[in-house]
There are 2 protein chains.
Amino acid sequence: MLLVDDDPTVAEVASSYLRATGFVVEEASDGFAALEAAERVAPDLIVLDRMLPGIDGLEVFRRLRERSSTPVILLTALGSEDDRIAGLEAGADDYLSKPFSTRELVLRVQSVLRRSIGEFTPESVLEYGEFRLDPSAHVATRAGVELALTAREFDLFEFLLKHPNQVFSREELLRTVWGWTYGDLSTVTVHVRRLREKIERDPRSPVLLTTVWGVGYRFTMGGASDAVV
Amino acid sequence: MLLVDDDPTVAEVASSYLRATGFVVEEASDGFAALEAAERVAPDLIVLDRMLPGIDGLEVFRRLRERSSTPVILLTALGSEDDRIAGLEAGADDYLSKPFSTRELVLRVQSVLRRSIGEFTPESVLEYGEFRLDPSAHVATRAGVELALTAREFDLFEFLLKHPNQVFSREELLRTVWGWTYGDLSTVTVHVRRLREKIERDPRSPVLLTTVWGVGYRFTMGGASDAVV
DNA sequence: GCAGGTCTTACGGAACGCGAACGATTCACC
DNA sequence: GGTGAATCGTTCGCGTTCCGTAAGACCTGC
């Protein structure tokens, strides 16, 4: 997959998350590099920012389409309906407006790939101990029993399961899971709490989703870690 | 394949994409040229814009059907008048509303061709538990008893049976089942409700076709799932 | 004990899904 | 051709769920 964005922050966050999901990600920061990279690696899918230095994203898109039928997802700043129409008009396969959550991006990517390739998106079912999480079905279970997670809780849990034994600050979580660049950090706090309520044996003294004082939160995964499948 | 559209931009983008996918594309920009070309090259498939200068696209469609059974995919502009021709659209093999993604077009083309070629082989019959669904006969049964599904309900049910245990947003369903780029999402809601009324034991508390809050709908299929083929 | 960080609880607004009903349109049947 | 049934997409009101924020209590490190 090829990711084209001139904003280093966006590129880094998005690509790391996509990689964690199991994709092989090539990056490019401008139009020329994008065209070159597309030629070189022949990606399954291209995620393309509309606003690019040098050549405009739409122009890049047209040139890409001249020579291949690779699916393209367009990213654009602040989603006005006009942009959306323009994007689809040009023939993009899907469209996403910034700021977006990484989960949203992954969902779109999988959706587009599912449509283009057929069924084969790596059915990445996450498993840890008695936990099982199926993103495509949007089902999370503990020992076979379904956990009634809300959308946000699910997103958060998914992210943590994909990045175990790693500490994330509230800011980071807000950026990656929520897709916000700013916002009230207590939002994260509360959602962590609510999630604990549902996944911890004893929510009062968390074992899995622990607090790292002054830093953030960590999802701890014991020795035997078979995350991907 | 024959592509009929008077908008040069659409024609160019679409045809180049189709060619990149491997199709041999003939183009026509108005009704007369379309009829002439259809006669001349005898295409496997015709993609026809509904809005054409001179003869209307629908009229062209009728005349085409008088002399051959070549599959036709109708392109429709958006607008209130779409509804009026809903019936005639049903006569087409598939239809797609503008603006559409080029990939979507290719997918529909492939799907229609697959259907028209595979007509001789017995259509695949979907089975799940006591449900049985025969797309070619357009008949759905529960425990041998025929379910009185309407056309849309059937399409929706078919799609869900083919993609069990997977969540689809209303938007996705609108795109894949309805072939719309966008539209009123409550359309999906209502049809899901009507479908539930017919397939659920207790429509008030659905078991098969469940709502995933804030995400979409999921058709849940118990353990043994042999959906495909 | 203090200060800053974290947890808990509660609440209002917003989003969401549901149900019912309504025209418009089409199709089937007379 | 005309009439009635049926389908489809839309609209509106209602109840529910979820989410983000605020405020106070609690805890940790110093």
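Just so it is clear: chains get the letters A, B, ... in the order the sequence lines come, proteins before strands, and each one is counted from 1.
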**Q** Would you give the length of the straight line joining atom CD of A:Q166 to atom CD of A:E172, rounded to the nearest 0.5 angstrom?
**A** 8.0 Å

**Q** Output the rounded distance in Å from CZ (B:R204) to P (D:dG15).
**A** 14 Å

**Q** For B:H163 and B:F159, take the angle between the two ring planes, folded into 0 to 90°, and tell me which bin it lands in: parallel under 30, tilted 30 to 60, perpendicular over 60.
**A** tilted

**Q** Counting just side-chain N and O atoms, does B:R170 come under 4.0 Å of either OP1 or OP2 of C:dG17?
**A** yes

**Q** Tell me: NZ of A:K198 to P of D:dT17, nearest whole Å?
**A** 12 Å

**Q** Base, sugar-phosphate or nothing for B:F154? Non-hydrogen atoms, less than 4.0 Å.
**A** nothing

**Q** Can you list every pair that meets salt bridge (charged side-chain N to carboxylate O under 4.0 Å, His left out) and has a residue in residues 201-215 of chain B, with sequence neighbours left out?
**A** B:E130-B:R201

**Q** Are B:Y217 and C:dC18 close enough that a side-chain N or O sits under 4.0 Å from OP1 or OP2?
**A** yes

**Q** Specify the separation, in whole Å, of atom CZ of B:F168 and atom P of C:dG17.
**A** 16 Å

**Q** In whole angstrom, what separates B:E197's CD from D:dC8's C1'?
**A** 16 Å

**Q** Let me spell it out: for each of A:V212 and B:P203, pick the nucleotide of DNA chain C with the closest heavy atom. Which residue's pick is nearer the 5' end?
**A** A:V212

**Q** Is a donor from one side chain sitting under 3.5 angstrom from an acceptor on the other, for A:Y217 and A:R170?
**A** yes

**Q** Between B:D202 (CG) and C:dC18 (C1'), how many Å, whole number?
**A** 14 Å

**Q** By side chain to side chain contact (heavy atoms under 4.5 Å, CB included), which residues pair with A:V25, not counting sequence neighbours?
**A** A:L3, A:S15, A:L18, A:R19, A:F23, A:E27

**Q** Could you tell me how far apart B:R193 (CZ) and C:dA20 (C1') are, to the nearest whole angstrom?
**A** 7 Å

**Q** Report yes if the distance between the aromatic ring centroids of A:W178 and A:H191 is under 6.0 Å, otherwise no.
**A** yes

**Q** Once each nucleotide of nucleotides 18-30 of chain D is scored for protein heavy atoms under 4.0 Å, what B/S/- sequence comes out, 5' to 3'?
**A** SBBBB-----B--

